[in-house]
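Here's the structure, in structure tokens; my notes come after.
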Amino acid sequence: MSKSIMLANPATVVLDEVGSIPPDWLLDGQPETRSKILVRTHDWIAHVVVWECGAVSYKWHYNQDEAYIVLSGEGFMTDETGVERRFGPGDVAYFPAGTNTTWRHPDHFKKVAFLKESIGRPVGFGLKVWNKLLRTVGFTGNPPLMLALAAWTAWNFREPPSHLG
């Protein structure tokens with residue numbers, strides 16, 4: 001199977017998907033967001049997105065692992081213990097699935113984010129062992145049965161969003 005290499009300049013990508021911060025997470029400001037998915041992995045476990053918002057404060061629950069690089073603007077994040085951290089251009093952050101935060105953006109905030117479904121340690125370890133075994137015997141493809149099992153496990157054992165109670 002042919003695999004394409006993605007190349008984009010996140011500073012000039014047209015953000016054509018309009019979204020909104022969930023109303024019950026909104027604390028203050030304008031909830032509108034704009035984004036663009038740049039690429040999704042072949043197994044649909046991860047994707048890369050450029051995301052931005054204006055001046056806003058909100059609660060956020062990460063239902064996927066997320067790592068990102070701030071492109072412009074700034075954000076002040078307060079974690080579950082009450083510690084506030086500033087994120088500005090060039091800063092890199094990582095939030096594991098299940099993390100709860102409160103964000104405040106005084107003006108705007110733009111990031112390129114790398115999101116990955118959290119499949120759980122046992123399934124992840126099993127996939128690593130399985131893939132290592134397949135590489136050892138010379139097979140480099142993605143076995144559909146293991147991908148289906150990983151997707152089923154991720155779907156059935158995911159943490160419900162915090163706003164659902």
Q: Only counting residues at least two apart or in another chain, list the ones meeting salt bridge (Lys or Arg N to Asp or Glu O under 4.0 Å) with E17.
A: none
Q: Drop me the distance from K59's NZ to L27's CG, to the nearest 0.5 angstrom.
A: 6.0 Å
(Q) Could you report the tightest heavy-atom contact between T33 and C53, atom names first, then the distance? (A) CG2-CB, 4.1 Å
Q: Given side-chain contact (heavy atoms from CB on, under 4.5 Å), test D107 with E74 step by step and report yes or no.
A: CA-CA 8 Å; D107 184 28; E74 67 180 346; over 6 Å; no
Q) Around atom CD of Q30, are there more than 12 heavy atoms of other residues, nucleotides or ligands at under 6.0 Å? A) no
Q: For S72, enumerate each residue passing the side chain to side chain contact (heavy atoms under 4.5 Å, CB included) test, keeping only those at least two apart in sequence or located in another chain.
A: H108, K110
**Q.** Residues which pass side chain to side chain contact (heavy atoms under 4.5 Å, CB included) with A8, listed by chain and number, not counting sequence neighbours
**A.** M6, V13, L38
Q: Please identify each residue that fulfils side chain to side chain donor-acceptor pair (under 3.5 Å) with T12, with sequence neighbours left out.
A: none
Q | Residue pair A93 / F87: nearest heavy atoms and the distance that separates them | A | CB-CE2, 3.5 Å
(Q) So, using side chain to side chain donor-acceptor pair (under 3.5 Å) as the criterion, who are the partners of W103 when residues are at least two apart? (A) Y62, T101
Q | Minimum side-chain heavy-atom gap S35-L15 below 4.5 Å | A | no
Q. Is the shortest heavy-atom distance from the side chain of E66 to the side chain of Y94 under 4.5 Å?
A. no
(Q) Which label fits W51 and F109: parallel for a plane angle under 30°, tilted from 30 to 60°, or perpendicular past 60°? (A) perpendicular
Q.
Please list all pairs meeting salt bridge (Lys or Arg N to Asp or Glu O under 4.0 Å) that have one or both residues in residues 88-104, counting only residues at least two apart or in different chains.
A. E84-R104
Q: Of all the heavy-atom pairs spanning V112 and P10, show the shortest one and how long it is.
A: CB-CB, 4.4 Å
**Q.** Any residue meeting side chain to side chain contact (heavy atoms under 4.5 Å, CB included) with A55, in chain and number order, not counting sequence neighbours
**A.** none
Q | Spacing of W60 atom CH2 and M77 atom CE [to the nearest 0.5 Å] | A | 14.5 Å
Q) Under a single-linkage definition using a 4.5 Å side-chain heavy-atom cutoff for Ile, Leu, Val, Met, Phe, Trp and Tyr, are V56 and F76 assigned to the same hydrophobic cluster? A) no
Q: Go through the structure and list residues passing ring pair (Phe, Tyr, Trp, His ring centres under 6.0 Å) with F114, not counting sequence neighbours.
A: none
(Q) Going by the rule side chain to side chain donor-acceptor pair (under 3.5 Å), which residues pair with D16 if we only count those two or more places apart in sequence or in a different chain? (A) K36
Q) Between CZ of F95 and CG of N63, what distance do you get to the nearest 0.5 Å? A) 14.0 Å
Q.
According to side chain to side chain donor-acceptor pair (under 3.5 Å), who are the partners of S20, at least two apart in sequence or on a separate chain?
A. none
Q: Please report the closest heavy-atom contact between Y58 and H105, naming both atoms and the distance.
A: OH-NE2, 2.9 Å
Q | Single-linkage hydrophobic cluster V92~L71, side-chain heavy atoms < 4.5 angstrom | A | yes
**Q.** Sole candidate of T99, T102, N100 that passes side chain to side chain donor-acceptor pair (under 3.5 Å) when paired with E80
**A.** N100
Q | Residue list, side chain to side chain contact (heavy atoms under 4.5 Å, CB included) with H47, at least two apart or on another chain | A | I37, R40, V49, Q64, L115
